[in-house]
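This report refers to the structure that appears directly beneath it.
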Amino acid sequence: MLVLAADYGFTTGPYNGSSFSVFSRNPVMDTDRELAVVGGRGAFRMAQGIAKLHTHSIDATTGDAVVEYNVTLFHYE
């Protein structure tokens, strides 16, 4: 079991300069999993929600993986 801490930032468009943060346990051996959106900054200040992850492929030798993120978040403007 691993823990994922990541900040996803926007560099263009209406959310330029804003980001949201994911922090949750990440059972990487599960093909489908759900992680918590725990906050953000800028337009995503006080965001909360979920990130649904789906692993399409993984190379056990190199550790490389193709993972799809589908994020739903709620934020206040």
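Throughout, residue positions are numbered sequentially from 1 according to the sequence presented.
By the 30° and 60° cut-offs, the orientation of the rings of Tyr15 relative to His75 is perpendicular.
Linking Ile, Leu, Val, Met, Phe, Trp and Tyr residues whenever their side-chain heavy atoms come within less than 4.5 Å leaves Val71 and Phe23 in two separate clusters. Under the 4.5 Å side-chain heavy-atom criterion for Ile, Leu, Val, Met, Phe, Trp and Tyr, Tyr69 and Leu35 are members of the same hydrophobic cluster. Criterion: ILVMFWY side-chain heavy atoms under 4.5 Å apart, direct or through other members. Under it, Val38 and Val3 are part of a common hydrophobic cluster. Residues Tyr8 and Ile50 do not share a hydrophobic cluster, clusters being chains of Ile/Leu/Val/Met/Phe/Trp/Tyr side chains in contact below 4.5 Å.
Once rounded to the nearest 0.5 Å, the distance linking CG of Leu73 with CE of Met46 reads 13.5 Å. The structure places CG of Asn16 at 6.5 Å from OG1 of Thr11, a figure rounded to the nearest 0.5 Å.
Nearest heavy-atom pair, Phe44 versus Ser19, reported as atom, atom and distance to 0.1 Å: CB-O, 3.3 Å. The shortest non-hydrogen separation linking Arg41 to Gly17 is NH1-O, 3.1 Å. The two residues Ser18 and Ala43 come nearest to each other via the heavy atoms OG-N, 2.8 Å.
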Fill in: Check against side-chain hydrogen bond (donor to acceptor under 3.5 Å, both in side chains), Arg33 and Thr55
CA-CA 9 Å; Arg33 52 210 186 270; Thr55 301; 2.8 Å; yes
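Residues Thr31 and His54 meet the side-chain proximity criterion, which asks for heavy atoms closer than 4.5 Å.
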